[in-house]
Amino acid sequence: MTFNSQDNNTLLLNKAGMEEFQKMPLKEIVKKNFRGMLVVFGGFLIEVANGFTFTFGNLAPYVVSYIRLRSTPSDLTDQTMSWVFGLGYVVFAITTVFGGLLAERFGSRVAVLLGAVCLSGGTFLCYPAVLQGFTLFLLVYGVVMNAGMGFSYVPPFTVAQMWFPNNKALATGLVISGFGVGSLIFNEVQTLYINPDNLVPDFEDPSDPGIMYFTQKEILDNVPNCFIVLGVSYSVLQFFGLLLMKDKKVESSEMSINNNVDVPPKKMLKTILFWQLYVFYGIEFLVVAFITSLYKAYGQTFIDDDHFLAGIGSATCVANAIGRVIFGYVGDRFGLKPTLGALYAAFTVICFTMPLCPYGGRWMLLFWLFIAFLAMAGTTAIFPAMTTLSFGEKRASSNFGIFCTSVVFSGALAPLLATLLEQSFGWPVTFIACGLLLGGCFLAILIMKFNEFNQHS
């Protein structure tokens, strides 16, 4: 590894900063770190609300059942409902770019505030939307709520990286572990509020044997009101998260070794590394979108216990939360590229063996989905750290926002994967196709050139 003069200056600044840090009184050190921890916690609360997206697989069967019986269209299917999640991914990807630009231009709080208004407001609007029918629900849940998530997704962890520049992956993992915690909490809230008596679907669609829907009045009555409960919850979380968030101007003595890197978006788009990571991220989230929106429908083909299926959703949420923290630390400790490769390898194996779950039973499905979401969660801590390390901290929000547009294709293709492959060839072929996509990414990661220390030195 060779250093230019600017790298040497950065090292001298780091050394001077460390000497100054060692002379600080303990009270001042604690105070300085405490503010950063509050920022991390505030970002965590924002992402807890954003975790609504991973509750969709649990919520969808209730909404589909409600619309079929009390709204329009009466022949709505789980596969058609997956378009809500797919559209949401597209909207999320587009708005992350604007969220990053807003954060850099006006401050992180402005971007997060706009996201909070859209997310919480959209949740409240789901009450009249579900009464009206699928089309309006698609627009409100798929567009408005996911725009809110897009605006507020990137700023919390890029701000956290600024407060903890030498532990970027861990700081990112701590903040976005809120995604998993939020989905864990709200999976249970949805199930206990809508279906407290653990009733099972009681109507089989004659046009699609094996697919079951709820018709019980005591369940359907609770579906619209659940969105009011969720809207209030998201609003409270976002309010306190905004209070704790604060941007930080990095002082010269606090610079990390890659602070001298400043790659603008136009230049970033010309690098091979960006497009490699872009494709990996997009393919992974194609698979994630498919599994997240339809895992419960798959489980219902051989498990007759709605609370157990909701429990699977909760277990995946735990994996979603702890995976981001654990693999954030592992990535900082042992290298980002090796960690990313290991996670894709694990996810590949899970997809190839997922068709065995009906033979292994409910506990196999729970364990397999837990590992799948653990791997997925780990990559969401690694990718932001890799982009910041490679392209610089100064434009981290806008650069990663552009990076997130890869899920536009994921959102568009996931419903097609569900509709064409699953309905035409069945679950096994669909899962094997997912495994082939992830396996290709794993092999590409093995030969990818990535400098763990400083991509541009």
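Bear in mind the structure is a predicted one, so any value in this text is a computation, not a measurement.
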Checklist entry - Does the pair Met145 and Cys118 meet the rule for a side-chain contact (heavy atoms from CB on, under 4.5 Å), with working shown? => result CA-CA 6 Å; Met145 290 181 64; Cys118 292; over 6 Å; no
A side-chain contact here means heavy atoms from C-beta on lying under 4.5 Å apart; do [X] and [Y] qualify?
X	Y	result
Val48	Phe179	no
Phe44	Ile176	no
Met354	Leu365	yes
Met149	Thr95	no
Val112	Pro156	yes
Leu244	Val39	no
Asp305	Arg362	yes
Ser235	Phe124	yes

Rounded to the nearest 0.5 Å, how far apart are [atom1] of [X] and [atom2] of [Y]?
X	Y	atom1	atom2	result
Thr387	Arg395	OG1	CZ	14.5 Å
Asp332	Thr172	CG	OG1	8.5 Å
Ser108	Lys248	OG	NZ	13.5 Å
Phe137	Cys126	CZ	SG	5.0 Å
Ile291	Cys434	CD1	SG	6.0 Å
Thr191	Phe308	OG1	CZ	13.5 Å

Checklist entry - According to the interplanar angle, ranging from 0 to 90°, do the rings of Phe285 and Tyr281 count as parallel (below 30°), tilted (30 to 60°) or perpendicular (above 60°)? => result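 Ring orientation, 0 to 90° scale: tilted.
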Least distance between heavy atoms, [X] atom then [Y] atom:
X	Y	result
Gly341	Phe442	O-CD1, 3.2 Å
Ala49	Leu119	O-CD2, 3.8 Å
Leu437	Leu286	CD1-CD2, 3.8 Å

Item to check | Derivation of the side-chain hydrogen bond (donor to acceptor under 3.5 Å, both in side chains) call for Thr158 and Ser397 | outcome: CA-CA 6 Å; Thr158 54; Ser397 291; 2.9 Å; yes
Item to check | Check against side-chain contact (heavy atoms from CB on, under 4.5 Å), Leu336 and Phe383 | outcome: CA-CA 8 Å; Leu336 301 177; Phe383 277 118; over 6 Å; no
More than 12 non-hydrogen atoms from neighbouring residues, nucleotides or ligands closer than 6.0 Å to [atom1] on [X], yes or no?
X	atom1	answer
Trp275	CH2	yes
Phe367	CZ	no
Tyr329	OH	no

Next on the checklist: My understanding is that only one of Phe92, Tyr141, Phe186, Phe85 makes a ring pair (Phe, Tyr, Trp, His ring centres under 6.0 Å) with Phe52; could you say which?
Outcome noted: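 In the set Phe92, Tyr141, Phe186, Phe85, the residue that makes a ring pair (Phe, Tyr, Trp, His ring centres under 6.0 Å) with Phe52 is Tyr141.
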Checklist entry - Per the ring pair (Phe, Tyr, Trp, His ring centres under 6.0 Å) rule, which among Tyr298, Phe347, Trp368 passes with Phe431? => result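 When Tyr298, Phe347, Trp368 are each tested with Phe431, the ring pair (Phe, Tyr, Trp, His ring centres under 6.0 Å) holds only for Tyr298.
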Checklist entry - Who are the side chain to side chain donor-acceptor pair (under 3.5 Å) partners of Asn225, not counting sequence neighbours? => result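 If we apply the side chain to side chain donor-acceptor pair (under 3.5 Å) test to Asn225, skipping adjacent residues, there are no hits.
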Next on the checklist: Checking Thr316 now: which residues fulfil side chain to side chain donor-acceptor pair (under 3.5 Å) with it, not counting sequence neighbours?
Outcome noted: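 Counting only residues at least two positions away or on another chain, Thr316 forms no side chain to side chain donor-acceptor pair (under 3.5 Å).
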Next on the checklist: Assess the residue pair Asp247 and Arg109 against the criterion (salt bridge (Lys or Arg N to Asp or Glu O under 4.0 Å)); give the C-alpha distance rounded to whole Å, side-chain angles, the decisive distance to 0.1 Å, and a yes or no.
Outcome noted: CA-CA 8 Å; Asp247 289 326; Arg109 279 181 171 171; over 6 Å; no
Checklist entry - Are Asn198 and Asp306 close enough, and set up right, to give a side-chain hydrogen bond (donor to acceptor under 3.5 Å, both in side chains), and what steps lead you there? => result CA-CA 6 Å; Asn198 194 23; Asp306 192 56; over 6 Å; no
Checklist entry - Under the side-chain hydrogen bond (donor to acceptor under 3.5 Å, both in side chains) criterion, do Glu284 and Tyr344 qualify, and how do the steps go? => result CA-CA 8 Å; Glu284 180 195 2; Tyr344 269 80; 3.3 Å; yes
Checklist entry - Run the side-chain contact (heavy atoms from CB on, under 4.5 Å) check on Val40 and Phe164 step by step: do they pass? => result CA-CA 9 Å; Val40 169; Phe164 296 96; 3.5 Å; yes
Next on the checklist: Determine whether Phe157 and Phe400 satisfy the following criterion, ring pair (Phe, Tyr, Trp, His ring centres under 6.0 Å), listing intermediate values before the conclusion.
Outcome noted: CA-CA 11 Å; Phe157 62 74; Phe400 192 72; 5.4 Å; yes
Item to check | Intermediate values then yes/no, side-chain contact (heavy atoms from CB on, under 4.5 Å), Phe403 and Met268 | outcome: CA-CA 10 Å; Phe403 179 80; Met268 178 184 71; 5.7 Å; no
Item to check | Electrostatic pair Lys296:Asp78 at N-O distance under 4.0 angstrom | outcome: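 Result for this pair is no, no salt bridge flagged.
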Item to check | Pairing residues for Ile322 by the side chain to side chain contact (heavy atoms under 4.5 Å, CB included) criterion, not counting sequence neighbours | outcome: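 Scan of Ile322 (side chain to side chain contact (heavy atoms under 4.5 Å, CB included), adjacent residues dropped) gives Val318, Ile326, Phe370, Leu374.
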